J.: 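The following block contains the structure, expressed as structure tokens.
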Number of protein chains: 2
Amino acid sequence: MNTKDRALQQLKEKGYKKTKQRERIIEIFAAYDQYVPAKKILKEMQEEFPSVSFDTVYRNLYLLSEEKVLEATELEGEKHFRLSCGTNHHHHHFICTDCGKTKLIEFCPMEGLKEDLRGYEVENHKFEIYGKCPQCG
Amino acid sequence: MNTKDRALQQLKEKGYKKTKQRERIIEIFAAYDQYVPAKKILKEMQEEFPSVSFDTVYRNLYLLSEEKVLEATELEGEKHFRLSCGTNHHHHHFICTDCGKTKLIEFCPMEGLKEDLRGYEVENHKFEIYGKCPQCG
DNA sequence: TTATTAAATAAGAATGATTACGATTTAGAT
DNA sequence: ATCTAAATCGTAATCATTCTTATTTAATAA
């Protein structure tokens with residue numbers, strides 16, 4: 001089963017409907033192995049559905065993020081999304097500031113910080129590395 | 001010499017002028033030991049200078065960041081600023097999502113990643129921990 | 001002290017991403 | 001084929017931020 005079908009199946013189980021728009025959004029992401037800004041998805045959607053609304057695109061991006069089909073991050077003030085990495089365990093990314101491609105970072109800095117943060121209730125954390133990948137550097 | 005005077009002195013050396021607005025911005029930050037959203041600074045400025053413009057506030061926030069008087073970060077899509085921590089060496093923060101107060105994290109996760117990132121040119125990184133501090137938790 | 005001028009500010013328009021919302025359409029169940 | 005909740009469309013609204021131009025001001029030198 002491919003990424004798209006798996007995602008749609010997952011949505012169906014939660015009672016969400018299968019729509020052309022949703023299918024297309026997932027297809028678009030499947031063509032990228034990187035974070036893509038919401039507005040770029042909107043643009044590509046408009047090529048296929050000239051009258052698609054912002055609302056549809058944004059709503060689905062957030063839905064797909066909640067369902068863990070996508071991962072989200074904020075880069076330069078814009079929300080970006082990408083297909084969840086195949087890996088099932090927690091991870092981070094190096095993000096190329098030129099081409100946008102990412103490299104998986106398996107190491108999580110939270111591991112060694114339990115001691116330091118005694119008394120603090122950790123809810124979340126963000127660790128991202130930015131720079132040029134070997135192709136762009 | 002206090003924080004404000006030190007900052008103004010530093011600006012003067014670079015040829016920037018001392019203005020009431022700049023003085024006040026620094027004073028506002030000195031009253032907080034935490035990240036403050038730009039719009040909150042704008043609001044406090046308007047109490048003292050009813051006709052201050054967005055431009056003045058934003059321009060100065062960026063100037064002060066470049067001059068390392070302030071540190072900047074983006075939280076929930078909004079730019080936040082705080083006085084630079086006293087410490088001169090590179091550091092990170094735990095940020096309380098309730099009160100906004102921060103805890104200095106001396107550990108930097110980049111140290112152990114040189115190996116992993118061979119061939120990659122690292123330009124920047126972001127590591128922040130979010131949660132509740134002991135007072136708010 | 002006054003004149004000079006480059007820097008800084010005010011005022012408000014413009015931008016750009018995102019969110020909101022009422023009306024309409026559609027997917028999926030019966 | 002009918003029904004209904006979910007999804008979408010179309011568009012307006014919001015909100016932070018950036019830009020622009022005219023005016024004011026701080027610092028310098030006469």
Side-chain angles (χ1 to χ4, degrees), chain A residues 4-5 7-28 35-67 69-70 72-81 100, chain B residues 4-5 7-28 35-67 69-70 72-81 100:
Chain A
K4 184 176 82 173
D5 293 335
L8 290 170
Q9 174 62 27
Q10 192 181 331
L11 292 183
K12 185 173 185 178
E13 282 162 15
K14 296 264 190 112
Y16 296 109
K17 295 176 176 172
K18 173 174 163 178
T19 68
K20 307 186 288 303
Q21 291 88 339
R22 272 177 193 159
E23 281 190 86
R24 184 70 189 126
I25 287 176
I26 300 169
E27 280 169 15
I28 292 170
Y35 278 108
V36 182
K39 71 172 176 213
K40 188 167 184 178
I41 300 299
L42 178 61
K43 227 173 254 167
E44 295 208 21
M45 284 294 283
Q46 285 170 333
E47 285 168 19
E48 181 117 3
F49 306 97
S51 66
V52 72
S53 77
F54 315 147
D55 196 54
T56 299
V57 173
Y58 279 93
R59 195 168 15 78
N60 281 308
L61 291 176
Y62 284 102
L63 174 64
L64 291 168
S65 297
E66 273 164 31
E67 295 302 321
V69 172
L70 300 179
T73 193
E74 187 143 356
L75 302 170
E76 294 159 19
E78 272 183 77
K79 308 235 164 75
H80 286 60
F81 300 85
Chain B
K4 185 176 81 172
D5 294 335
L8 290 170
Q9 174 63 27
Q10 191 181 330
L11 292 182
K12 185 174 185 177
E13 282 163 15
K14 296 265 190 110
Y16 298 108
K17 296 176 177 173
K18 173 174 163 178
T19 67
K20 307 185 288 303
Q21 291 88 340
R22 271 176 192 160
E23 282 190 84
R24 183 68 190 129
I25 287 175
I26 300 170
E27 280 169 16
I28 292 171
Y35 278 107
V36 182
K39 71 174 174 211
K40 187 166 185 179
I41 300 298
L42 177 61
K43 228 174 252 168
E44 295 208 21
M45 285 294 284
Q46 286 170 331
E47 287 168 19
E48 181 117 2
F49 306 96
S51 66
V52 72
S53 76
F54 318 146
D55 196 56
T56 298
V57 173
Y58 280 95
R59 192 167 19 76
N60 281 308
L61 291 176
Y62 285 101
L63 173 64
L64 292 169
S65 298
E66 273 164 31
E67 294 302 321
V69 172
L70 300 179
T73 193
E74 186 142 358
L75 301 170
E76 294 159 18
E78 273 183 78
K79 306 235 165 73
H80 286 59
F81 300 85

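Chain identifiers are assigned alphabetically (A, B, ...) following the order of the sequence lines, protein sequences preceding nucleic acid strands; residue numbering begins at 1 within each chain. These numbers come from a predicted model, not from an experiment.
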J.: B/Asn60 near the nucleic acid: base, sugar-phosphate alone, or nothing, with a heavy-atom cut-off under 4.0 Å?
T.: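 Result for B/Asn60 = sugar-phosphate.
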
J.: Measure from the side-chain heavy atoms of B/Asp55 and tell me the nearest of D/dC19, C/dT19, D/dT17.
T.: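 Looking only at heavy atoms from C-beta outward on B/Asp55, the closest nucleotide is D/dC19.
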
J.: From CD1 of B/Ile41 over to P of D/dA16, roughly how many Å is that when rounded to an integer?
T.: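 Result: 14 Å.
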
J.: Between B/Lys17 (NZ) and D/dA26 (P), how many Å, whole number?
T.: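 Taking atom P of D/dA26 as the reference, NZ of B/Lys17 is at 9 Å.
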
J.: Flag the pair A/Lys20 and A/Glu23 as a salt bridge only when some basic side-chain nitrogen lies within less than 4.0 angstrom of an acidic carboxylate oxygen.
T.: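 Here A/Lys20 does not pair with A/Glu23 in a salt bridge, since their nearest N and O are not under 4.0 Å apart.
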
J.: Tell me whether the side-chain N/O atoms of B/Tyr58 come closer than 4.0 Å to OP1 or OP2 in D/dT17.
T.: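 Yes.
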
J.: Can you work out whether A/Ala38 or B/Val52 has the more 5'-proximal nearest nucleotide on DNA chain C?
T.: B/Val52

J.: Looking only at side-chain atoms of A/Lys20, point me to the closest of D/dT17, C/dA27, C/dT9.
T.: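 Within the option list, the nearest is C/dA27.
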
J.: Could you please name the option among D/dC9, C/dT18, D/dT18 that lies closest to any side-chain atom of B/Phe54?
T.: D/dT18

J.: Could you tell me how far apart A/Glu78 (CD) and C/dT18 (C1') are, to the nearest whole angstrom?
T.: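 Checked: the CD to C1' distance equals 11 Å.
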
J.: Under 4.0 Å, counting only non-hydrogen atoms across every strand here, what does B/Phe49 touch: a base, just sugar-phosphate, or nothing?
T.: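 No contact at all - B/Phe49 keeps every heavy atom at 4.0 Å or more from the nucleic acid.
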
J.: Measure the distance from NZ on B/Lys12 to P on D/dA27 and round it to the nearest whole Å.
T.: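 Result: 7 Å.
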
J.: Is the backbone of A/Glu67 close enough, under 3.5 Å, to the side chain of A/Gln10 for a donor and an acceptor to pair up by distance?
T.: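 Here the side-chain-to-backbone pair exists.
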
J.: Report yes or no: do B/Tyr58 and B/Lys79 form a side-chain donor-acceptor pair below 3.5 Å?
T.: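 Their side chains do not contain a donor-acceptor pair, so the 3.5 Å distance test is not met.
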
J.: Does C/dT9 have OP1 or OP2 sitting under 4.0 Å from an N or O in the side chain of B/Thr19?
T.: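 For C/dT9, OP1 or OP2 has a side-chain N or O of B/Thr19 closer than 4.0 Å.
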
J.: For the pair A/Arg22 (side chain) and A/Leu64 (backbone), establish whether a donor and an acceptor sit closer than 3.5 Å, ignoring hydrogens and angles.
T.: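 Flag not set: sc A/Arg22 to bb A/Leu64 has no pair under 3.5 Å.
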
J.: Taking atom C1' of D/dA5 as reference, at what distance in whole Å does atom NZ of A/Lys18 sit?
T.: 19 Å

J.: Would you indicate, yes or no, if D/dC9 has its OP1 or OP2 atom less than 4.0 angstrom from a side-chain nitrogen or oxygen of A/Gln21?
T.: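 True: A/Gln21 side-chain N/O within range (under 4.0 Å) of D/dC9 OP1/OP2.
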
J.: What nucleic acid atoms does A/Tyr16 come within less than 4.0 Å of, heavy atoms only: base, sugar-phosphate, or nothing?
T.: sugar-phosphate

J.: Are any non-hydrogen side-chain atoms of A/Glu78 and A/Leu75 less than 4.5 angstrom apart?
T.: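 No; the side chains remain at least 4.5 Å from each other.
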
J.: Would you mind reading off the distance between B/Glu74 atom CD and D/dA16 atom P, rounded to a whole angstrom?
T.: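 Atom CD in B/Glu74 sits about 13 Å away from atom P in D/dA16.
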
J.: Nearest whole Å is fine: how far is D/dT8 P from A/Arg24 CZ?
T.: 15 Å

J.: Within less than 4.0 Å of OP1 or OP2 of D/dA7, is there a side-chain N or O belonging to A/Arg22?
T.: yes

J.: Expressed in angstrom and rounded to an integer, what is the separation of B/Leu75 atom CG from D/dA16 atom C1'?
T.: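 Between C1' of D/dA16 and CG of B/Leu75: 14 Å.
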
